[in-house]
Each structure stands twice: as structure tokens, then as C-alpha cells.
Amino acid sequence: MIRSLSGETSAQIRDWQLFHKSVPLDSIAPHLNLDNLKASWAYPRGVLDGIALRLRYSNANLHASLTPEGMIESLIFEVLEQIRVESNCPDELKGSQQNIQMQFIAWMQQFISSGGAEGSVGLLLVTIFSTVWMKLNSQPIPQLMQDIVEATRAGIAENMGPLLVKLKVTRNNQESYAQTAHEVIKLASGLIAEEYRNNPSIRTKRKNQSSTHLKIEWVPPHAGIIAADFKSPAHSSSEKLRLLKKSLDKYHIYNSSYDTEAEAKKKIRSAQLAIYQDQLNSEIGKQNIPWAKLIRIYQQLFSSKQPKNWQTTEAEVVLDRRYLTRAATSPLQPALYKQLVGSNMVNSKVTLLIDCSGSMKEQRVKIATCVDSLVRILDQAGIKTEVLGYSTSTWQGGRPFKEWRKNGQPPNPGRLNERAHWIFKDFDTSWRRSRAGIAALLRPEIYAESIDGEALIWAAERLKNTGSLRNSSNTLILFSDGCPMDRATIEANGEEFLKDHLLQTIAWCEQQPNFQLWGCGIGSELRPAFQHRLSWDEDPNNVANTLKNWASEFRASSFINKKYS
């Protein structure tokens with residue numbers, strides 16, 4: 001059906017994934033998501049007809065070159081482009097027109113009924129999408145939906161009215177239409193930014209926002225992890241890395257002179273550190289952890305098969321030809337045999353990277369207990385480990401933020417806070433000697449705001465550059481509860497600045513040789529960004545089960561044998 005209507009013979013669907021010219025098309029309007037075909041509210045013919053019209057009337061390369069950065073911005077741009085191509089459906093295709101209109105309205109109704117329009121951002125998106133759709137299709141939306149968006153539509157009518165006229169006039173010219181769409185995006189971004197400036201708690205606003213517009217399944221195409229450029233088989237690994245490096249280079253820092261990197265235990269008084277150690281020992285003592293069993297399991301998980309060698313002086317199997325003469329001349333003497341034997345060798349390094357943001361403070365006891373236990377298991381299994389953490393030295397910007405304000409608040413200043421990187425254990429220190437450092441995870445004062453992307457690069461570089469076994473496998477596990485959060489940086493650069501950098505960093509890590517990234521406890525907003533994920537149970541008395549679950553999840557992914565064998 002898609003090929004017939006679009007005229008694109010290369011279009012195909014494999015495993016609920018749309019491909020065009022052998023390249024996966026992940027970036028497509030949410031109401032055309034193929035997962036909708038399974039939903040009871042959806043109109044499958046509308047989904048397929050919408051995809052076909054998109055392939056027929058939209059230039060993919062032009063669209064990709066004009067797509068703005070940022071989750072909200074790229075989402076608006078994508079939906080407006082889909083509304084344009086659907087409004088151009090030929091009049092003789094009455095059935096297709098009806099199908100796509102029913103699907104779009106059903107998607108909007110589903111979004112509203114699921115609570116997506118309860119927050120201001122979600123309501124603004126619904127208003128923009130429905131207003132543009134009505135203008136381009138000359139069709140009304142259901143009365144209930146009109147009642148929901150009426151107040152917001154009236155509030156933006158003065159600025160939105162002229163833009164609707166321009167969208168209608170240019171709907172047959174993709175490039176001109178896109179320019180007007182950018183004006184709509186600028187209007188929406190300004191309204192959202194104004195609301196954040198007036199809100200005293202950006203974290204509270206993020207939680208509200210997460211329960212509204214993020215109900216729309218959408219990841220911006222420029223984030224890297226799902227961009228067609230990085231998935232395309234036409235690109236080599238080096239080309240993918242080059243594209244990712246180019247994206248990462250767009251991230252900038254206003255002033256890095258206040259950044260710190262320190263051993264966490266050196267920032268704590270000895271007496272206080274002893275208290276933390278006693279508390280950690282007490283917590284671990286309460287757990288019924290089967291140490292010997294877990295050590296064997298993790299040793300097997302992180303071991304790799306070595307090439308087989310001949311083992312001589314065996315009593316049977318294959319006769320060793322070096323002893324053929326003796327076998328012939330002295331038949332009463334025992335003949336010597338040989339056989340091929342293989343061996344397992346542990347040649348892995350593991351870094352545990354801890355998000356020390358304020359929202360993780362309540363879980364610090366469980367985190368420290370799990371980290372200490374896992375490091376003990378890996379250490380006794382012969383696996384080198386490092387434990388790192390990241391936060392900020394201050395709240396709401398600190399000295400870089402003050403300098404930026406003093407200098408007139410130039411636009412797009414980059415990261416504005418004082419980054420703090422913590423070392424709880426390095427690769428050269430054994431588990432027993434590093435227990436004081438790991439206990440420093442219990443110190444509440446280190447938990448502030450978080451800049452995840454920079455920390456992930458820092459940890460990955462340390463892991464790769466550690467002089468250890470040749471061709472060793474590198475595993476990095478990020479423990480976090482959600483998106484980066486630095487209020488000063490987000491207010492000055494936009495909501496998606498830090499998150500986009502993290503997504504690009506995740507994509508960069510995925511392309512590194514002999515390297516694997518895992519996310520543990522990642523919030524629902526970012527869990528899909530990680531190819532490999534570990535579960536997290538907040539119950540402080542369930543550490544043994546947590547460690548067993550992780551072993552099962554490692555094994556289920558066959559991550560060592562699949563990637564490093």
C-alpha cells in the first residue's frame with residue numbers, strides 16, 4: 001500500500017520498522033509511529049496512507065537539513081511538515097483523505113485523554129497542531145477538542161494568525177513552508193522560555209513537563225542515537241565517529257577554570273569518613289549476599305576464551321609425533337600424547353559512574369551498598385574497577401553564571417556551572433583499600449546538580465586510556481535517575497542543551513571499539529537511549545537480588561561473548 005501510493009519501490013517495513021532505500025526512518029511524525037498499528041484507537045489505513053504521502057510529497061534530504069535542534073523544536077517541525085503533505089493529498093483519493101484525517105484526530109484525542117494536555121507545554125503543542133491542521137485542511141476538529149484549546153488559541157491568535165496564512169499559501173513549496181514553520185517554532189519556544197523564567201523551581205516544572213508533552217513518543221533526529229546518518233550502512237565506523245565528534249564539538253563551556261576533579265574522601269574529615277564507613281559496613285552486613293556464587297558468575301561473564309594450545313604429556317588422545325621413535329623401539333614404555341586445550345582469561349575493566357545530583361541523595365545508601373558489593377565481587381573475580389561520580393560544586397551556576405550576568409548575558413553561553421568530578425576508587429586501588437573512598441558516596445554535600453554528558457566523556461576516556469591488559473574489554477555503567485539538570489545552563493541555553501549533549505555522548509560511546517555502555521536506573525525519559533540497561537530496585541534491603549538481576553541481565557545480552565569474542 002505504501003509503495004503504491006508513494007511510488008517508492010524501496011519502501012518496506014521490517015520488524016515494525018520503516019525503511020526507505022535501506023535506511024531506517026525513525027524520525028517521523030508521532031501519529032504515524034508504526035506501534036500505533038497495534039493500538040485500539042488508531043486507524044491503520046491512516047498510518048500507512050500518511051507514510052506514503054510523506055514519501056511522495058516531502059524531500060527527505062531537504063527536510064533533514066532544515067530540521068532544528070531541540071526536542072520540542074524538532075517535534076513541531078516534524079508534525080507541521082506531515083500536516084503539509086497530508087493536506088496535499090489529491091482530491092481524487094477520497095478514501096486516503098478520510099483515513100489520514102481520522103488518524104490525526106484520533107491521535108490528538110488519545111494524547112489529550114492520556115493527560116498530555118494537562119500541562120502548559122502539552123496544551124500549547126495541541127493548540128498549535130490542531131490550529132495548523134484546521135487551517136491547511138479547511139476542516140474543523142471535534143467540538144470537545146476545540147473547547148480544550150480555545151483559551152490557548154485565543155492567547156496566541158495575534159502572533160499565530162499571520163503565520164497560519166503563510167503556511168496555507170506555501171503548503172505546495174516545502175522550503176518556503178519550512179521557513180514559516182521555523183517562525184512558528186520561534187514563537188512556541190519563546191512562550192515556553194518565558195514560562196520557565198517565571199517559574200521558581202525548574203525541577204518542578206521539568207517534572208510537570210515530563211508528564212505532559214513527553215507522553216508523545218519522540219526523540220529528536222539530531223540526537224545522534226537514532227539519526228539515519230549514524231545508522232546508515234553506507235558509513236564506516238570512522239565516518240560515524242567523525243559525524244558524532246562534529247556534533248559534540250557544538251557543545252561549549254563558558255568558563256572551565258572553576259571545574260574540579262578530586263578524590264572524594266580527601267574532602268571529608270577523617271572522623272566523619274569513619275562514621276560513613278561504619279554505616280556502610282552495617283548496611284552490607286544486613287544483606288544476605290552469596291559472595292562466592294556471585295564471584296563465580298561475574299567471573300564467567302567477564303571472561304573470554306583464549307586460543308587453544310597443545311598440552312603435552314597426556315595419557316591418551318593424540319599421539320605426540322615427537323615420541324614416535326620411542327613408541328616403535330620401546331613398546332613397553334608408556335607413549336606420550338597431546339591434546340588441544342583452551343583457557344578462560346579475565347581481561348575486562350569496568351567503570352561505575354554515579355550521578356551525584358540532588359535527586360539521587362535519597363538513594364545514596366542503596367547506591368553505596370550496591371557499588372561496594374559489586375566492586376568487591378569484581379575485584380575478587382580479577383576484574384579491574386573504577387568508581388567515579390559527578391555533580392556541580394554549587395547550585396544555580398556559581399561563579400561562571402555570575403560572570404556571564406556581569407558581562408551582559410550574551411546568548412547561548414554554554415555550560416554555566418562549576419563542574420565537579422569525583423573519584424571514589426581508581427583502577428590501581430584494590431577493593432579493600434578503596435572502601436573509605438566508596439563510603440564517601442554517603443556524604444550528602446556532594447549531591448548537587450548534574451552535567452551528565454561531560455561526565456560520561458570523562459569516564460569513558462579514563463577507561464580507554466588506562467594502561468591494562470591488551471585488547472581488554474571496557475564496560476561503563478552509568479547510574480542515574482534521569483536527565484541532566486543544571487538550572488543556570490538550561491535557563492541560558494534552552495531546555496534541551498544538556499540533554500542533547502548527553503544523547504550525542506551516548507551515541508559516541510556506542511561507536512567506541514571494545515567498549516560497551518550500560519544505563520542503570522535511567523528515568524523513563526532517557527531509558528530508550530541506552531542499548532543496554534540494568535534494572536534498579538529502590539528497596540534498600542534487596543541488594544542481593546539486585547546483584548543477581550544484574551548478572552542475569554548481563555548474561556541475557558551476552559554482552560561479552562557477542563561484542564568481544
Side-chain angles (χ1 to χ4, degrees), residues 203 248 251 253-268 350-364 367-368 370-371 375 385-401 414-427 434 437-466 475-490 497-506 508-509 517-523 526 529-530 536:
R203 182 169 288 278
L248 287 171
Y251 179 85
I253 303 167
Y254 188 74
N255 187 343
S256 62
S257 61
Y258 303 111
D259 296 345
T260 60
E261 178 181 320
E263 292 186 47
K265 67 179 182 180
K266 292 183 178 180
K267 299 296 182 179
I268 306 175
V350 178
T351 293
L352 311 180
L353 178 62
I354 318 299
D355 172 11
C356 297
S357 61
S359 58
M360 296 282 283
K361 187 189 299 184
E362 295 180 358
Q363 302 184 56
R364 67 186 187 279
I367 292 171
C370 285
V371 167
V375 169
T385 59
E386 183 168 62
V387 182
L388 307 174
Y390 61 96
S391 60
T392 56
S393 301
T394 62
W395 292 85
Q396 301 183 18
R399 287 167 287 185
F401 180 65
R415 192 249 293 168
L416 285 175
N417 211 328
E418 303 175 21
R419 184 193 67 196
H421 284 167
W422 305 104
I423 301 173
F424 300 103
K425 176 193 179 300
D426 59 34
F427 282 113
S434 65
I438 296 175
L441 279 165
L442 297 177
R443 185 191 183 200
E445 288 77 12
I446 70 173
Y447 293 85
E449 297 184 283
S450 62
I451 303 169
D452 299 53
E454 291 185 52
L456 195 54
I457 293 176
W458 170 64
E461 293 290 354
R462 285 177 62 94
L463 179 58
K464 292 195 305 177
N465 296 333
T466 299
T475 303
L476 174 56
I477 306 174
L478 173 62
F479 294 81
S480 178
D481 66 346
C483 286
M485 176 51 60
D486 172 23
R487 179 174 180 175
T489 300
I490 289 176
F497 178 74
L498 292 176
K499 181 179 176 182
D500 287 349
H501 182 244
L502 174 58
L503 291 172
Q504 292 161 359
T505 303
I506 292 171
W508 174 80
C509 287
L517 175 65
W518 287 75
C520 178
I522 298 297
L526 277 179
F530 288 82
W536 179 254

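Lys361 NZ to Ile446 CD1: the interatomic distance, rounded to the nearest 0.5 Å, is 10.0 Å. The structure places CG of Leu353 at 12.0 Å from SG of Cys520, a figure rounded to the nearest 0.5 Å. Put simply, CD1 on Ile438 and SG on Cys370 are 12.0 Å apart, with the number rounded to the nearest 0.5 Å. The CD atom of Gln504 sits 9.5 Å away from atom CD1 of Ile457, with the distance rounded to the nearest 0.5 Å. A distance of 9.0 Å separates OH of Tyr390 from NE2 of His421, quoted to the nearest 0.5 Å. Separation of atoms CG (Leu503) and CH2 (Trp508) is listed at 15.5 Å; rounding is to 0.5 Å.
For the pair Ala262 and Lys267, the tightest heavy-atom approach, listed with the atom from each and the gap, is CB-CE, 3.8 Å. Between Cys509 and Leu517, the shortest heavy-atom contact is CB-CD2, 4.0 Å. Closest non-hydrogen pair, Ile268 versus Ala440, comes out as CD1-CB, 3.6 Å. Gly358 and Trp395 get closest at one heavy-atom pair: CA-CH2, 4.2 Å. For the pair Asp481 and Ser357, the tightest heavy-atom approach, listed with the atom from each and the gap, is OD1-OG, 4.1 Å. Ser391 and Trp422 get closest at one heavy-atom pair: OG-NE1, 2.9 Å.
Distance alone, capped at 3.5 Å, is enough to place a donor-acceptor pair between the Lys425 side chain and the Thr385 backbone. Between the side chain of Thr392 and the main chain of Asn417, no donor-acceptor pair closer than 3.5 Å is present. No donor-acceptor pair under 3.5 Å is formed between the side chain of Glu386 and the backbone N or O of Leu352.
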Where do Glu449 and Arg487 land on the salt bridge (charged side-chain N to carboxylate O under 4.0 Å, His left out) test, with the steps shown first? CA-CA 8 Å; Glu449 297 184 283; Arg487 179 174 180 175; over 6 Å; no
Would Leu456 and Ile506 count as a side-chain contact (heavy atoms from CB on, under 4.5 Å) here? Give the steps. CA-CA 8 Å; Leu456 195 54; Ile506 292 171; 3.9 Å; yes
Pair Ile367-Met360, side-chain contact (heavy atoms from CB on, under 4.5 Å): steps then yes or no: CA-CA 9 Å; Ile367 292 171; Met360 296 282 283; 3.4 Å; yes
side-chain contact (heavy atoms from CB on, under 4.5 Å) assessment of Ile477 paired with Thr475: CA-CA 7 Å; Ile477 306 174; Thr475 303; 4.2 Å; yes
Arg364 and Leu441: CA distance, side-chain angles, deciding distance, side-chain contact (heavy atoms from CB on, under 4.5 Å) verdict: CA-CA 7 Å; Arg364 67 186 187 279; Leu441 279 165; 5.7 Å; no
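Ring pair Trp536/Phe479 is perpendicular by interplanar angle, where above 60° counts as perpendicular and below 30° as parallel.
Using a 4.0 Å cut-off between charged nitrogen and carboxylate oxygen, Glu261 and Arg462 count as a salt-bridge pair. At a threshold of 4.0 Å, the pair Glu454-Arg419 counts as salt-bridged, since one of the basic side-chain nitrogens sits closer than that to a carboxylate oxygen.
By the salt bridge (Lys or Arg N to Asp or Glu O under 4.0 Å) test, Glu263 pairs with Lys266, sequence neighbours left out. In this view, Arg443 and Glu445 satisfy the salt bridge (Lys or Arg N to Asp or Glu O under 4.0 Å) rule, not counting sequence neighbours.
Side-chain contact between Phe530 and Ile522 is present, with at least one heavy-atom pair separated by less than 4.5 Å. By the 4.5 Å heavy-atom criterion applied to side chains, Thr260 and Glu418 are not counted as neighbours. Side-chain contact between Tyr254 and Thr489 is absent, with no heavy atoms from C-beta onward closer than 4.5 Å. In this structure, the side chains of Pro400 and Tyr258 come closer than 4.5 Å at one or more pairs of heavy atoms. Under the 4.5 Å side-chain criterion, counting only non-hydrogen atoms from C-beta, Ile451 is in contact with Leu498.
Here the options are Asp452, Asp259, Asp486, the test is salt bridge (charged side-chain N to carboxylate O under 4.0 Å, His left out), and the partner is Arg415; only Asp259 passes.
The local environment of CD in Glu461 is crowded, with over 12 non-hydrogen atoms from other residues, nucleotides or ligands closer than 6.0 Å.
Checked against a 6.0 Å centroid threshold, the rings of Tyr251 and Phe497 count as neighbours.
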